[in-house]
Amino acid sequence: MRIFITGGAGYVGSHCARLLRESGHELCIYDNLSAGHRGAVEASELVVGDLADVKKLHQTMSDFGPEAVMHFAASTAVGESVKEPLLYYRNNVVNTVNLLEVMKSLEVKKLVFSSTCATYGVPPKMPITEDMPTHPLSPYGRTKLIMEQVYADCSRAWGLGFAALRYFNASGASFDVTIGEDHKPETHLIPIVLQVALGQREQVEIFGDDYPTPDGTCIRDYIHVEDLADAHQRALLTLTPGKQIIVNLGTGSGHSVKEVIDVTEKVTGKKINVKMGPRREGDTPSLYADPTNGQKVLGWQAKVTNLEDIIQTAWEWHREHPNGFAE
Ligand code: UFG
């Protein structure tokens with residue numbers, strides 16, 4: 001298949017692109033490199049471009065002639081979205097409308113979309129199923145939910161087939177250690193703890209230990225990035241024009257912040273210095289997926305289900321690339 005990938009030089013996008021390339025698909029990666037890395041993709045597949053540049057987007061897509069689109073490009077920092085909501089509505093919602101207009105004009109009717117568990121907000125119970133109410137807590141989560149709703153409208157109006165894949169906490173690195181997570185600035189727990197293990201940070205601050213969880217720290221569902229890639233490929237092969245798929249991508253198990261730190265000490269053999277801090281605004285005590293629907297709709301389930309294995313792949317990447325990608 002010929003697949004057009006927005007944001008394919010980013011963390012999850014580059015792992016998906018790699019799997020699709022290995023499976024023999026032809027790729028065009030459209031990325032403005034604001035968060036993505038040249039070093040994460042094949043140079044011959046990369047077009048440096050912005051979704052706001054509709055002329056370039058149209059030209060690139062029409063020259064390539066894709067049968068499907070995977071859409072990763074987005075602003076993704078929850079905290080930043082609270083301070084700069086308009087940036088998020090423009091980058092995420094407006095640019096997605098640009099993408100859909102080009103897809104419609106070229107009659108491309110398959111879209112796999114990078115969505116998030118942040119669409120749920122505070123769910124009524126755990127684990128989270130796709131039919132639970134969606135009340136996002138941040139502008140980031142709201143933009144992702146709005147995009148899902150726009151796809152549903154386009155599906156009814158002109159037959160767009162879409163899969164909205166609601167990731168839980170993407171983590172880990174490629175099994176061959178060639179690509180991995182590199183955000184600047186880094187805000188995610190596992191890479192921060194690994195930076196402490198590498199001596200690049202003095203300590204990790206735990207954002208709150210007075211939550212109603214067994215050890216008082218927040219619980220999340222850490223899902224390996226190679227498992228996310230597998231789900232994207234399956235979604236692509238399942239999609240037909242007009243079909244609407246919404247699927248949670250998680251392991252089904254939650255781990256606390258303290259557990260992540262303990263397991264990281266075990267994996268790295270290093271002492272992790274910890275400082276207790278106040279709660280971070282917008283954090284939910286516990287979030288983990290019911291992955292049953294992924295099995296039913298995509299025939300997918302996470303293969304890397306052990307937190308130790310997830311952290312091991314991330315550790316290998318960070319140890320071999322302490323400063324991330326060269327560019
Ligand atoms: N945490 C700390 N200290 C840190 C960093 C994080 O204690 O220095 C805690 C957080 O409070 C949270 C957990 O570690 O309880 C995980 O935090 P991350 O920032 O790694 O991930 P989030 O769960 O906040 O965010 C993830 C995705 C978002 C998505 C969100 C949905 O990265 O894109 O889940 O809740 F929107």
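Atom set for the values below is all heavy atoms of this structure, side chains included, hydrogens, waters and symmetry mates excluded. First listed ligand is number 1; within each ligand, the first listed atom is number 1.
- Phe72 has its ring centre less than 6.0 Å from the ring centre of His232.
- Within 6.0 Å of NZ on Lys184 lie more than 12 heavy atoms contributed by other residues, nucleotides or ligands.
- Atoms of ligand 1 lying under 4.0 Å from at least one heavy atom of Cys117, given by number and element, are 31 (C).
- The shortest contact between atom 29 (C) of ligand 1 and any protein heavy atom is with Thr116 OG1, 3.7 Å.
- The heavy-atom pair separating Ser171 from Ile190 by the smallest distance is CB-CD1, 3.9 Å.
- Within a 6.0 Å sphere centred on NZ of Lys258, other residues, nucleotides and ligands contribute more than 12 heavy atoms.
- Residue Phe168 does not touch ligand 1, judged by heavy-atom distances below 4.0 Å.
- The closest donor-acceptor contact from the side chain of Gln200 to the backbone of Pro322 lies under 3.5 Å.
- Taking atom 25 (O) of ligand 1 as the reference point, the nearest protein heavy-atom neighbour is Asn169 ND2, 4.0 Å.
- In this structure, Asp221 contributes its side chain and Phe168 its backbone to no donor-acceptor pair below 3.5 Å.
- Contacts of Ile192 with ligand 1, taken as heavy-atom pairs under 4.0 Å, involve the side chain alone.
- In terms of protein heavy-atom proximity, atom 7 (O) of ligand 1 is nearest to Phe207 N, 2.9 Å.
- Which parts of ligand 1 touch Thr187 is read off a 4.0 Å heavy-atom cut-off, strictly below it: atoms 5 (C), 19 (O).
- For atom 27 (C) of ligand 1, the closest heavy atom belonging to the protein is His188 NE2, 4.3 Å.
- Protein heavy atom in closest approach to atom 9 (C) of ligand 1: Val257 CG2, 3.7 Å.
- The aromatic ring centroids of His224 and Phe175 lie less than 6.0 Å from each other.
- Proximity of a side-chain donor or acceptor of Tyr30 to a complementary backbone N or O of Asp50 within less than 3.5 Å is detected.
- Short contacts between ligand 1 and Ile206, defined as distances under 4.0 Å to a heavy atom of the residue, involve ligand atoms 7 (O).
- Ligand 1 is approached by Tyr222 to a heavy-atom distance shorter than 4.0 Å.
- In summary, the aromatic rings of Phe162 and Phe113 are positioned with their centroids too far apart to meet the 6.0 Å limit.
- Polar contact check, Ala118 against ligand 1: no nitrogen or oxygen pair lies under 3.5 Å apart.
- Protein heavy atom nearest atom 20 (O) of ligand 1, with residue, atom name and distance: Leu189 N, 2.8 Å.
- By the criterion of a heavy-atom distance under 4.0 Å, the side chain of Val78, and not its backbone, is placed next to ligand 1.
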Inset, instruction - List the steps and the verdict of side-chain contact (heavy atoms from CB on, under 4.5 Å) for Tyr11 and His37. - result: CA-CA 9 Å; Tyr11 174 41; His37 304 278; over 6 Å; no
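- If you look at Tyr222 and His188, their ring centroids are not closer than 6.0 Å.
- Looking from atom 35 (O) of ligand 1 to the surrounding protein, the closest heavy atom is Leu287 CD1, 3.4 Å.
- Proximity to Cys218 (heavy-atom distance under 4.0 Å) selects the following atoms of ligand 1: 15 (O).
- For Arg280, every heavy-atom contact with ligand 1 shorter than 4.0 Å involves the side chain, none the backbone.
- Remark: minimum distance from atom 36 (F) of ligand 1 to any protein heavy atom is reached at Tyr140 CE2, 3.0 Å.
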